[in-house]
Amino acid sequence: MNLHNSLNLALRMEYISKSFYGVMALNSVSLEAVKGEVHALMGENGAGKSTLMKILSGIYRKDSGIIYLDEKPVDIKSEKEALRFGITMIHQELNPVRAMTVAENIYLGKEPCYRFLGVVNQKKQREQTLSLFNELKISISADATMKDLSVAEIQMVEIAKAMSYDSRIIIMDEPTSAITGKEVAKLFEIIQNLKSKGVAIIYISHKMDEVFQIADRITVLRDGQYIETRPSKDFDQNTLVRLMVGRSIGELFPKVDSAKGRAALEIESLTQLGKFQDISFKVRKGEVLGFAGLMGAGRSEIMEAIFGLHPVDAGRIKINDKYVRIQTPVDAIHYGIALITDDRQLKGLNLKMSVKDNITIVNLKNITRFNQLLLFEKENQISDGEIKRLHIKTHSRNQIVNTLSGGNQQKVVLAKWLLNNPDIIILDEPTRGIDIGAKTEIYKIIGQLAEQSRAIIIASSELLELIGICDRIIVLYHGKICAEFERNDFDQERIINAAMGSLTN
């Protein structure tokens, strides 16, 4: 697999295998990383990406295989050793010490001290932080408290922290999952800066568009096995998908042509000052209506306003030809609306509760007697039925929901709301952070709901997703509707131009 001059290789992992309780997670997997390149590691959840990177970063011990750094074999026994070897992993779930300053976080555990006193030299610590930021072109105050920073800024601090260890290999796990387009551009700028310094970056992401934008090479894993490595320019989306999941991109979007009925929901001139203005549209029974637009265009804000999470300044809502007043989510639920939010872990699930508890939590009235006594047998039957119906992969109904994969967590959220039998289902970023196989299962569920004459609204930042499953797409720009496309007229370039405010007729 050695495709490069050995002098340029920062990392070579050969025939790495790892099993857990007799189940093979990695089977003779190999990976190379070249100095000054971004190497994307692609595959579905369960493909082995995280296991391979945890072995590299010292979290797991490999069962067999060899790791070479600068062509010298090494045995990485712990995270501390990995840091000593210049390997840093920036995890998807950022976990800074929020009460400390930026400088204190960066040098936590390796604080510069006065030689004889053992006291932290805060002036030197601050100067070193500023020097790092200057080198990486990061504009964040060294004295800022971490709790006051945005997610993107925390990520920048984590990158600086990685460089404070003189890292030569940085692993980035889903680094753009919770940041805006502008912040992604800044992150990519910093990555290019790291490349120029000879740092090898291993980049894990479910977002294909950004992988093609930032990666020099791509390695694909599937079911714990190495599949292929190519320069990113030698891939296209269809080829990459086929290698990752064993089927073509056309099979990922099982579009159902459901019968369309009368308007289930009509929005008239809905306005929330500073967020969106004069929003009018209708969605019919059996229709899948998509909302596209750049970050900050108002997609989520409109969906949450319809659901009663935020008050509006003007506009009216009509359901089944009758005007209704929705001031709270309770009102929305009463009128048959469900909202699957854009952040399932923060807004959609109680992560410490079981699958069963999460599924039944909004439907307690149907599993209690006298609104007080919980009918355990009925609760078990209902949750088991939803687990089977939506093909939720779980050991049992009592498994803690936080231990499920992202795709199965999303199915739990769907099950919870579908128990209320809603007529109008709003899905905000329905496949964020889940792998390609799980996305297809979610799309199938959406198609089944449309066939049942439910009205479906999908707000998504993934244009390919909207084109694949929607009957109609409305495009937002700066909080206003700027274009609308019927399925027969879907054109990726024109939709992107509309979202950027530059659509030309």
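Side chain to side chain, Ser131 and Asn134 fail the donor-acceptor criterion of an N or O pair below 3.5 Å. A donor-acceptor pair shorter than 3.5 Å cannot be found between the side chains of Glu32 and Thr229. No side-chain donor from either of Ser405 and Lys393 sits under 3.5 Å from a side-chain acceptor of the other. With hydrogens and angles left out, the side-chain atoms of Thr219 and Glu228 include no donor and acceptor closer than 3.5 Å. For the residue pair Thr403 / Gln399, a side-chain donor-acceptor distance below 3.5 Å is found, with atom types taken as modelled.
The ring-ring contact (aromatic ring centres under 6.0 Å, His included) search around Tyr60 returns Phe20, not counting sequence neighbours. By the ring-ring contact (aromatic ring centres under 6.0 Å, His included) test, Tyr203 pairs with no residue at all, sequence neighbours left out. Residues passing the ring-ring contact (aromatic ring centres under 6.0 Å, His included) test with Phe307 are Trp417, sequence neighbours excluded. Under the side chain to side chain contact (heavy atoms under 4.5 Å, CB included) criterion, Arg61 pairs with Asp75, Lys77, sequence neighbours left out. Under the rule for a side-chain hydrogen bond (donor to acceptor under 3.5 Å, both in side chains), the partners of Ser19 that lie at least two apart in sequence or sit in another chain are Asp63. Not a single salt bridge (charged side-chain N to carboxylate O under 4.0 Å, His left out) links Asp166 to another residue, sequence neighbours left out. Qualifying side chain to side chain contact (heavy atoms under 4.5 Å, CB included) partners for Leu351, counting only residues two or more places apart in sequence or in other chains: Gln345, Leu349, Val401, Asn402. In this structure Tyr443 satisfies the ring-ring contact (aromatic ring centres under 6.0 Å, His included) test together with Phe253, sequence neighbours excluded. Partners of Thr431 according to the side-chain hydrogen bond (donor to acceptor under 3.5 Å, both in side chains) rule, which considers only residues two or more places apart in sequence or in another chain, are Glu465. Annotation: side-chain hydrogen bond (donor to acceptor under 3.5 Å, both in side chains) contacts of Asp471 (sequence neighbours excluded): Lys255. Partners of Gln122 under the side chain to side chain contact (heavy atoms under 4.5 Å, CB included) rule, at least two apart in sequence or in another chain, are Glu104, Val120.
A donor-acceptor pair under 3.5 Å is absent between the side-chain atoms of Gln128 and the main chain of Gln125, judged by distance alone. At distances below 3.5 Å, at least one donor-acceptor pair connects side-chain atoms of Asp236 with backbone N or O atoms of Asn238. In this structure, the side chain of Arg222 engages the main chain of Leu243 through a donor-acceptor pair within 3.5 Å. Here the side chain of Arg487 pairs a donor or acceptor atom with the backbone of Cys470 at under 3.5 angstrom. Looking at Arg168, its side chain does come within 3.5 Å of a backbone N or O of Phe85 through a donor-acceptor pair. Within the 3.5 Å criterion, the main-chain N or O of Thr101 finds a donor-acceptor partner in the side chain of Asn105. Between the side chain of Ser167 and the backbone N or O of Ile170, no donor-acceptor pair lies under 3.5 Å. Looking at Asn497, its side chain does come within 3.5 Å of a backbone N or O of Glu493 through a donor-acceptor pair. Checked by atom type and distance alone, the side chain of Lys49 pairs as donor or acceptor with a backbone atom of Gly43 at under 3.5 Å. Not one N or O on the side chain of Arg494 forms a donor-acceptor pair closer than 3.5 Å with the backbone of Asp489.
Minimum interatomic distance between Ile214 and Phe188 (heavy atoms only, all atoms of both residues): CD1-CG, 3.8 Å. Here the shortest heavy-atom pairing between Ile16 and Leu26 reads O-CB, 3.8 Å. Residue Ile218 comes nearest to His39 through the heavy atom pair C-NE2, 4.1 Å, listed as atom of the first residue, atom of the second, then distance. Heavy atoms only, all atoms of each residue included: Ile106 and Lys161 are closest at O-CG, 3.6 Å.
Here NZ of Lys147 is found 10.5 Å from CZ of Arg98. Values are rounded to the nearest 0.5 Å. For the atom pair NZ of Lys480 and CD of Gln277, the computed distance is 4.5 Å after rounding to the nearest 0.5 Å. Of the inter-residue distances, the one linking Ser460 atom OG with Glu429 atom CD reads 4.5 Å to the nearest 0.5 angstrom. Rounding to the nearest 0.5 Å places CD1 of Ile154 at 12.5 Å from CD1 of Ile159.
Heavy atoms of other residues, nucleotides or ligands lying less than 6.0 angstrom from NE2 of His310 number more than 12.
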Practice task
In sequence, state the C-alpha distance, the side-chain angles, and the governing distance for Lys124 and Glu127, and then conclude on salt bridge (charged side-chain N to carboxylate O under 4.0 Å, His left out).
Solution key: CA-CA 5 Å; Lys124 186 176 181 181; Glu127 288 173 350; over 6 Å; no

Exercise for the section: Go through Glu79 and Ser57 one step at a time and tell me if the side-chain hydrogen bond (donor to acceptor under 3.5 Å, both in side chains) criterion holds. Expected result: CA-CA 6 Å; Glu79 291 179 83; Ser57 58; 5.9 Å; no

Exercise for the section: Given side-chain contact (heavy atoms from CB on, under 4.5 Å), test Ile426 with Ile340 step by step and report yes or no. Expected result: CA-CA 6 Å; Ile426 303 171; Ile340 287 80; over 6 Å; no

Problem - Test log, rule salt bridge (charged side-chain N to carboxylate O under 4.0 Å, His left out), inputs Glu174 and Lys207 - result: CA-CA 9 Å; Glu174 297 286 353; Lys207 298 181 178 179; over 6 Å; no

Handout entry: side-chain contact (heavy atoms from CB on, under 4.5 Å) between Asp428 and Ser300, intermediate numbers included
Key = CA-CA 7 Å; Asp428 192 1; Ser300 295; 2.6 Å; yes

Practice task
Evaluate side-chain contact (heavy atoms from CB on, under 4.5 Å) for Leu466 paired with Phe485, printing each intermediate quantity in order.
Solution key: CA-CA 11 Å; Leu466 295 177; Phe485 297 85; over 6 Å; no

Practice task
Determine, stepwise, if the pair Tyr107 / Thr129 fulfils side-chain contact (heavy atoms from CB on, under 4.5 Å).
Solution key: CA-CA 8 Å; Tyr107 287 97; Thr129 301; 3.4 Å; yes

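Using a 4.5 Å cut-off on side-chain heavy atoms (C-beta onward), Thr239 and Asp234 make no contact. Taking 4.5 Å as the limit, every side-chain heavy atom of Ser141 sits out of range of all side-chain heavy atoms of Val102. Annotation: side chain of Ile169 is not in contact with side chain of Val199 (no heavy-atom distance under 4.5 Å). Side-chain contact between Leu289 and Ile456: absent, with no pair of heavy atoms (C-beta onward) separated by less than 4.5 Å.
Glu81 and Arg84 are joined by a salt bridge, as a carboxylate oxygen and a charged side-chain nitrogen come within less than 4.0 angstrom of each other. A salt bridge links Arg12 and Glu14; the closest N-O separation between the charged side-chain nitrogens and carboxylate oxygens is under 4.0 Å.
Among pairs with a residue in residues 184-205, those fulfilling salt bridge (Lys or Arg N to Asp or Glu O under 4.0 Å) read Glu135-Lys197, Lys186-Glu189, Lys195-Asp216, at least two apart in sequence or across chains.
At least one cation-pi condition fails for Arg299 and Phe291: the charged atom is not both under 6.0 angstrom from the six-membered ring centre and inside a 45 degree cone around its axis.
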